[in-house]
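Take a look at the structure below.
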Amino acid sequence: MSGMSPFYPLIILSAPSILIALSSLSLHQFKVLFITFVNAAAQKEGNFVWTKVQPFLNDLAHIMESILGRATGFSPNLTHVMLCAVLMGVIIGLERVRGAILDTKRAR
């Protein structure tokens with residue numbers, strides 16, 4: 001056996017479940033941040049800097065709500081979770097490829 005870990009089959013078999021769990025947590029975190037951002041952008045009171053930045057943030061919140069729907073009504077479904085899991089898998093895979101390329105360049 002080459003320098004492979006004995007836990008490699010376990011990692012391969014559990015990776016999809018872990019990616020799905022991480023993507024559902026990630027989407028829930030996005031939902032919480034989305035609601036918080038929209039609520040914060042709607043507040044009119046604040047210091048001098050906030051009164052200057054708030055109109056831009058309010059416009060940005062309206063744009064986000066026009067694309068994603070109402071912040072309070074945003075609920076990711078199974079398709080969102082699976083797409084996020086695939087995206088995370090691709091990012092992790094590309095990072096491993098990048099690391100392997102850097103290792104071969106360092107070995108030269």
Side-chain angles (χ1 to χ4, degrees):
M1 183 171 228
S2 62
M4 206 180 310
S5 169
F7 295 111
Y8 190 70
L10 181 65
I11 293 169
I12 292 298
L13 292 175
S14 64
S17 300
I18 292 171
L19 285 174
I20 290 170
L22 287 176
S23 66
S24 65
L25 288 173
S26 175
L27 286 170
H28 179 70
Q29 182 181 15
F30 173 76
K31 178 183 177 179
V32 170
L33 290 174
F34 183 38
I35 292 171
T36 304
F37 177 75
V38 169
N39 289 339
Q43 290 189 1
K44 303 276 186 199
E45 305 164 350
N47 60 12
F48 176 74
V49 175
W50 181 254
T51 57
K52 298 297 179 192
V53 174
Q54 191 271 337
F56 170 73
L57 293 178
N58 197 19
D59 290 341
L60 185 61
H62 284 296
I63 291 169
M64 288 177 68
E65 281 190 323
S66 69
I67 294 170
L68 299 171
R70 304 252 335 139
T72 55
F74 178 75
S75 73
N77 57 23
L78 183 62
T79 305
H80 295 119
V81 173
M82 295 307 284
L83 286 173
C84 187
V86 168
L87 184 64
M88 291 173 101
V90 167
I91 290 171
I92 291 169
L94 289 176
E95 181 60 29
R96 291 188 65 170
V97 168
R98 187 186 72 85
I101 291 171
L102 287 176
D103 287 343
T104 57
K105 284 184 179 179
R106 286 187 197 131
R108 290 183 193 172

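In this chain, residues are counted from 1 in sequence order. The basis for the numbers below is simple: all heavy atoms, side chains too, and nothing from hydrogens, waters or symmetry mates. It should be emphasised that the depicted structure is a prediction, and the values quoted were computed from it without experimental measurement.
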Quiz item: Where is the tightest heavy-atom contact between Gly89 and Leu19, given as atom of each residue plus distance?
Solution: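 The pair with the smallest heavy-atom distance is CA-CD1, 4.0 Å.
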Quiz prompt | Worked verdict on Phe30 versus Leu68 for side-chain contact (heavy atoms from CB on, under 4.5 Å) | solution = CA-CA 12 Å; Phe30 173 76; Leu68 299 171; 3.7 Å; yes
[X] versus [Y]: any side-chain heavy-atom pair under 4.5 Å?
X	Y	result
Asp103	Arg106	yes
Ile20	Met82	yes
Glu45	Trp50	no

Under a 4.5 Å side-chain heavy-atom rule over Ile, Leu, Val, Met, Phe, Trp and Tyr, are [X] and [Y] clustered together?
X	Y	value
Met64	Val53	yes
Met88	Leu94	no
Ile63	Leu57	yes
Val38	Phe56	yes
Leu83	Ile91	no

Say you draw a straight line from [atom1] of [X] to [atom2] of [Y]; how long is it, rounded to the nearest 0.5 Å?
X	Y	atom1	atom2	answer
Lys44	Thr51	NZ	OG1	11.5 Å
His62	Asp59	NE2	CG	7.0 Å
Leu33	His28	CG	NE2	9.5 Å
Phe7	Ile12	CZ	CD1	14.5 Å

Exercise. Could you tell me how the ring of Phe74 sits relative to the ring of His80: parallel (under 30°), tilted (30 to 60°) or perpendicular (over 60°)?
Key: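 Ring orientation, 0 to 90° scale: tilted.
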Quiz item: For Val81, does its backbone N or O pair with a side-chain atom of Ser23 as donor and acceptor, under 3.5 Å?
Solution: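 Answer holds: yes.
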Quiz item: Ile18: what forms a side-chain contact (heavy atoms from CB on, under 4.5 Å) with it, not counting sequence neighbours?
Solution: Ser14, Leu22
